[in-house]
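A short worksheet on the structure shown next.
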2 protein chains.
Amino acid sequence: MAAWAHSHGMDDHLDIVFAALADPTRRAILAMLLEDDMAVTDVAEPFEMSLAAISKHLGILTRAGLISQERHGRVKWCRLEPDALRDASVWMQSFGQFEAVNLDAFEKFLERELRDAPAD
Amino acid sequence: MAAWAHSHGMDDHLDIVFAALADPTRRAILAMLLEDDMAVTDVAEPFEMSLAAISKHLGILTRAGLISQERHGRVKWCRLEPDALRDASVWMQSFGQFEAVNLDAFEKFLERELRDAPAD
DNA sequence: GCCATATTCAACCGAAAGGTTGACGATATG
DNA sequence: CATATCGTCAACCTTTCGGTTGAATATGGC
């Protein structure tokens with residue numbers, strides 16, 4: 001089980017992951033990191049915005065668990081962490097394939113969603 | 001022009017879809033609509049917020065293509081539209097398969113060294 | 001026609017998102 | 001030591017988000 005599940009509900013984590021994915025700059029960053037790990041400055045280079053803005057985006061991606069950042073000297077390397085994306089992907093597939101046979105995972109998902117919803 | 005900049009039409013749509021999914025109320029609504037089509041008032045019933053707020057949420061889900069709304073008399077029925085979710089899921093799976101690409105660690109190491117090299 | 005019901009619209013509000021700039025701490029280099 | 005580079009922080013600004021309330025616009029039932 002993923003580390004974030006200990007301190008947050010799945011719901012909170014999905015909030016953060018989907019919000020992180022909702023920005024085109026951040027998705028472009030993920031696409032860049034798909035090819036290779038990169039330093040913060042190199043990530044920022046192709047974008048027409050300040051380094052501080054990119055640094056914020058990277059913080060958001062890190063908090064969402066979508067990337068990890070590791071410091072080596074004064075350079076901070078950014079690495080893609082596909083696990084969080086896989087989790088959200090699984091969530092979405094439970095909708096896209098709800099006609100299919102795999103109702104087990106979906107059943108558990110639905111239970112969780114309904115319990116977490118502001119009910120009665 | 002970078003390779004990741006190719007998908008421009010889809011990019012805007014992904015903005016809207018992921019932003020729509022980033023709210024727990026809206027995800028709960030999607031979960032409810034999995035079971036059955038519902039009228040707006042019935043969708044709003046379990047939530048502790050105004051009907052107008054739910055109406056806004058449904059508008060956002062509709063603009064994202066995640067649901068459709070059809071008016072019958074004075075009742076507006078909401079139906080899940082899993083296609084948009086499937087699209088976003090496909091986008092995410094391309095990242096989930098990151099490991100399948102099996103990038104060579106040595107190659108990454110080499111590129112890192114070259115980028116760090118003070119020569120030129 | 002009259003009234004209740006279903007849904008949206010418009011105006012407003014506080015908080016959060018996404019950007020800027022300038023200063024700053026830390027690290028490498030000469 | 002001096003200086004350039006890497007990255008973040010703090011303060012600020014504007015726009016968007018998520019919610020409220022009250023009025024408005026159908027539509028259905030009697």
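Here is how names work: the chains are called A, B, and so on, in the same order as the sequence lines, proteins then strands, and each is numbered from 1. Everything quoted here is computed from the prediction, not taken from an experiment. Excluded from the calculations below are hydrogen atoms, water molecules and symmetry mates; all remaining heavy atoms, backbone and side chain alike, are included.
- When each of C:dT7, D:dT8, C:dG19 is scored by its nearest atom to the side-chain atoms of B:Val40, the top-ranked nucleotide is C:dT7.
- The side chain of A:Leu51 lies closest to D:dT8 when the candidates are C:dT27, D:dT21, D:dT8.
- The separation between B:Asp15 atom CG and D:dC17 atom C1' is 15 Å, rounded to whole Å.
- Taking atom CG of residue B:Leu58 and atom C1' of nucleotide D:dG19, one finds them 15 Å apart after rounding to whole Å.
- Rounding to whole angstrom units, CD1 of residue A:Ile29 and C1' of C:dG19 are separated by 14 Å.
- Looking at which nucleotide of DNA chain C each of A:Arg26 and A:Gly73 is closest to, the 5′-most match is held by A:Arg26.
- Side-chain proximity of A:Val75 to C:dA4, C:dT8, D:dC6: nearest is D:dC6.
- Side-chain contact check for A:Val75 versus A:Thr41: every heavy-atom pair is 4.5 Å or farther apart.
- With D:dG7, C:dT5, C:dT20 as the candidates, the nucleotide lying closest to the side chain of A:Lys56 is C:dT20.
- Here the side chain of A:Met49 is nearest to one of C:dG19, D:dG7, C:dG18, namely C:dG19.
- The distance from atom CZ of B:Arg63 to atom C1' of D:dC17 is 12 Å, rounded to the nearest whole Å.
- Using a 4.0 Å heavy-atom cutoff across all strands shown, B:Ala39 reaches sugar-phosphate atoms only and no base atom.
- Summarising the geometry, the separation between CG on B:Asp23 and P on D:dG18 is reported as 5 Å, rounded to the nearest angstrom.
- Candidate nucleotides D:dT8, C:dG19, C:dG18 were compared by shortest atom distance to the side chain of A:His57, and C:dG19 ranks first.
- Closest heavy-atom contact between B:Leu66 and B:Ala84: CD2-CB, 3.8 Å.
- Within the 4.0 Å cut-off from OP1 or OP2 of C:dT8, at least one side-chain nitrogen or oxygen of B:Ser55 is found.
- Here the C1' atom of nucleotide C:dT7 and the CZ atom of B:Phe47 are 17 Å apart, to the nearest Å.
- Nearest to the side chain of B:Arg71, among C:dA26, C:dT20, C:dT7, sits C:dT7.
- No side-chain heavy atom of A:Val17 sits under 4.5 Å from any side-chain heavy atom of A:Leu85.
- If you measure from atom CZ of B:Arg74 to atom C1' of C:dA6, you get 6 Å, rounded to the nearest angstrom.
- Nearest approach of A:Gln69 to A:Cys78, heavy atoms of both residues: NE2-SG, 3.7 Å.
- B:Ser50 has no side-chain polar atom (N or O) that falls below the 4.0 Å cut-off from OP1 or OP2 of D:dG19.
- Residue A:Thr41 places its side chain closer to D:dG7 than to any other of D:dT20, D:dG7, C:dT7.
- The residue A:Ala52 sits close to a base: some heavy atom pair falls under 4.0 Å.
- Minimum heavy-atom separation, B:Arg26 to B:Ala19: NH2-O, 3.1 Å.
- Side-chain atoms of A:Gln69 lie closest to D:dT8 of the nucleotides C:dT7, D:dC6, D:dT8.
- In this entry the distance linking CZ of B:Phe18 with P of D:dC17 reads 16 Å, nearest Å.
- You'll find the side chain of A:Met32 stays beyond 4.5 Å of the side chain of A:Asp42, heavy atoms only.
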